[in-house]
Amino acid sequence: MIFDKELMFSEDQVITASAASTNHIDLGAGGDQSLGEPIILHCQVTEDFSTSTGSTLVVSVQESAATSFSSPTTLATSETATTTDLKAGYVFKLGHMPSHDARYLRLYYTAATSFSSGKLTAGLILSKQTNT
């Protein structure tokens with residue numbers, strides 16, 4: 001799997017509470033960016049999450065007309081992953097980039113409770129790695 005630095009939301013981002021991705025993607029002005037080959041949203045745990053039992057994490061894709069994301073629109077949401085799921089190698093099921101209108105994209109990580117450790121890497125890719 002190949003990541004493009006310009007299409008990365010998070011690179012080993014530490015998640016201890018609800019937070020936006022470190023980076024947002026600027027799609028430029030005008031036009032529907034969702035035409036053509038489907039683009040995959042890939043979000044993977046790179047370091048085990050740890051905390052008390054019952055904690056969960058959800059990943060949302062958001063768009064906004066401004067870099068401040070003062071009033072973002074949620075385009076897609078992942079499944080709810082528990083601490084048991086959140087081990088290195090776990091991949092959130094986000095699918096392909098949904099159709100969107102705004103210029104800026106980011107991910108938002110919603111934690112039900114705080115985590116004491118855990119990291120994610122996320123970005124847009126053209127194809128998944130299929131070997132194990």
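For this chain, numbers begin at 1 and follow the sequence in order. Just so it is clear, the structure is predicted and the values come from calculations on it, not from any experiment.
- A continuous path of Ile, Leu, Val, Met, Phe, Trp and Tyr side chains, each step under 4.5 Å between heavy atoms, connects M8 with I40, placing both in one hydrophobic cluster.
- Take S18 and apply the side chain to side chain contact (heavy atoms under 4.5 Å, CB included) test, not counting sequence neighbours, and it matches Y108, T110, A111.
- Nearest heavy atom pair, residue Q62 against residue F69, reads O-CE2, 4.0 Å.
- With contacts defined as side-chain heavy-atom distances shorter than 4.5 Å, the pair I15/K119 does not qualify.
- Rounded to the nearest 0.5 Å, atoms OG1 (T67) and OH (Y104) are 5.5 Å apart.
- Between the side chains of T121 and Q44, no donor-acceptor pair of N or O atoms lies under 3.5 Å.
- In terms of heavy atoms, R106 sits closest to S21 at CB-OG, 3.6 Å.
- Looking only at distances, no side-chain donor or acceptor of S64 sits under 3.5 Å from a matching main-chain atom of P72.
- Side chain of D48 to main chain of A88: a donor-acceptor pair is present (N/O by atom type, distance under 3.5 Å, no hydrogens or angles).
- For the residue pair S50 / S117, a side-chain donor-acceptor distance below 3.5 Å is found, with atom types taken as modelled.
- Put simply, CZ on F92 and OG1 on T77 are 12.0 Å apart, with the number rounded to the nearest 0.5 Å.
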message = Could you walk me through whether E11 and K5 satisfy the salt bridge (Lys or Arg N to Asp or Glu O under 4.0 Å) test, starting with their C-alpha distance in whole Å, then the side-chain angles of each, then the deciding distance to 0.1 Å, before giving a yes or no?
response = CA-CA 9 Å; E11 297 175 61; K5 189 82 167 162; 3.0 Å; yes
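- Side chains of T74 and S60: a donor-acceptor N/O pair is absent below 3.5 angstrom, by distance only.
- Atom CG of residue N23 and atom CD of residue E6 lie 9.5 Å apart, to the nearest 0.5 angstrom.
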